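Reading through the structure tokens given below for one structure.
Quantities reported herein were computed from a predicted structural model and do not represent experimental measurements. The residues of the chain are indexed from 1 along the displayed sequence.
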Amino acid sequence: MTGKGHEGHTFRLLPGTGPEGKPSYVLGDGTGPVSRMAASIEGIRLGMAGDLLDHAADLLADRKATAVELHFLASRLSESLREVLQVAECRGARPDASSLDPDSESPARRDP
């Protein structure tokens with residue numbers, strides 16, 4: 001999440017957690033090196049999720065896939081979904097998040 005900060009700066013939720021599993025934040029205007037690194041990590045996570053989905057499609061199309069392979073795939077998909085949800089939370093909490101949904105004045109969760 002983001003919150004009001006100090007002198008025009010805001011708190012930005014970072015991907016990942018701190019040493020005790022607590023959320024980590026950075027205070028800034030969103031252009032500093034930590035914010036850029038966080039955006040890079042988010043991009044990598046989203047790219048890896050796409051690659052994993054491609055792999056899942058291939059494995060699921062293979063009728064000879066074993067239970068062990070499918071279990072491994074399900075585990076990786078679960079990890080990836082957790083990371084993608086965290087990226088969505090980080091991005092959805094930003095003040096400019098409304099730009100992600102052009103049909104909405106504020107970020108909203110949509111039902112499928």
Side-chain angles (χ1 to χ4, degrees):
M1 297 190 151
T2 57
K4 293 192 180 203
H6 183 276
E7 297 179 14
H9 293 92
T10 59
F11 292 99
R12 175 185 174 181
L13 177 64
L14 297 174
T17 58
E20 297 175 0
K22 296 180 181 179
S24 297
Y25 298 87
V26 64
L27 175 64
D29 63 2
T31 62
V34 174
S35 291
R36 288 193 308 271
M37 182 176 60
S40 176
I41 290 169
E42 290 172 353
I44 290 168
R45 286 180 171 180
L46 293 174
M48 290 174 63
D51 293 345
L52 184 57
L53 283 174
D54 291 342
H55 176 67
D58 292 342
L59 187 60
L60 294 171
D62 181 2
R63 299 287 180 194
K64 296 180 183 178
T66 67
V68 171
E69 290 171 320
L70 293 172
H71 181 270
F72 184 78
L73 174 64
S75 297
R76 299 299 74 79
L77 285 169
S78 178
E79 290 172 1
S80 182
L81 180 57
R82 192 173 299 112
E83 290 178 349
V84 167
L85 287 173
Q86 187 179 50
V87 169
E89 180 183 2
C90 291
R91 290 184 175 185
R94 293 187 194 145
D96 64 349
S98 61
S99 66
L100 300 175
D101 185 0
D103 298 328
S104 174
E105 290 184 20
S106 63
R109 176 176 245 151
R110 294 185 181 187
D111 293 326

Open item on the list: Checking E79 now: which residues fulfil salt bridge (Lys or Arg N to Asp or Glu O under 4.0 Å) with it, not counting sequence neighbours?
Closed with: R76
Task: ILVMFWY cluster membership beyond M48 - transitive side-chain contacts under 4.5 angstrom - done: I44
Task: Residues that Q86 engages under side chain to side chain donor-acceptor pair (under 3.5 Å), provided they are two or more places apart - done: R45
Task: Partners passing side chain to side chain donor-acceptor pair (under 3.5 Å) against R36 (at least two apart in sequence or in another chain) - done: none
Name every donor-acceptor pair, under 3.5 Å, that has one atom in a side chain of residues 51-63 and the other anywhere in the protein, sequence neighbours excluded.
unit_1: D62; atom_1: OD1; unit_2: K64; atom_2: N; d: 2.9

Open item on the list: Using every non-hydrogen atom in the two residues, find where C90 and P15 come nearest and quote the distance to one decimal.
Closed with: SG-N, 3.9 Å
Open item on the list: Testing the basics here: between G18 and S24, what is the closest heavy-atom pair and its distance to 0.1 Å?
Closed with: N-OG, 3.3 Å
- [ ] Run through the side-chain heavy atoms of Ile, Leu, Val, Met, Phe, Trp and Tyr, join any pair under 4.5 Å, and report what else lands in L14's cluster.
- [x] V26, V34
Open item on the list: Taking transitive links into account, so neighbours of neighbours count too, which hydrophobic residues share a cluster with M37 at under 4.5 Å side-chain distance?
Closed with: I41
TODO: Could you pull out all residues at least two apart from S75 that satisfy side chain to side chain donor-acceptor pair (under 3.5 Å)?
DONE: none
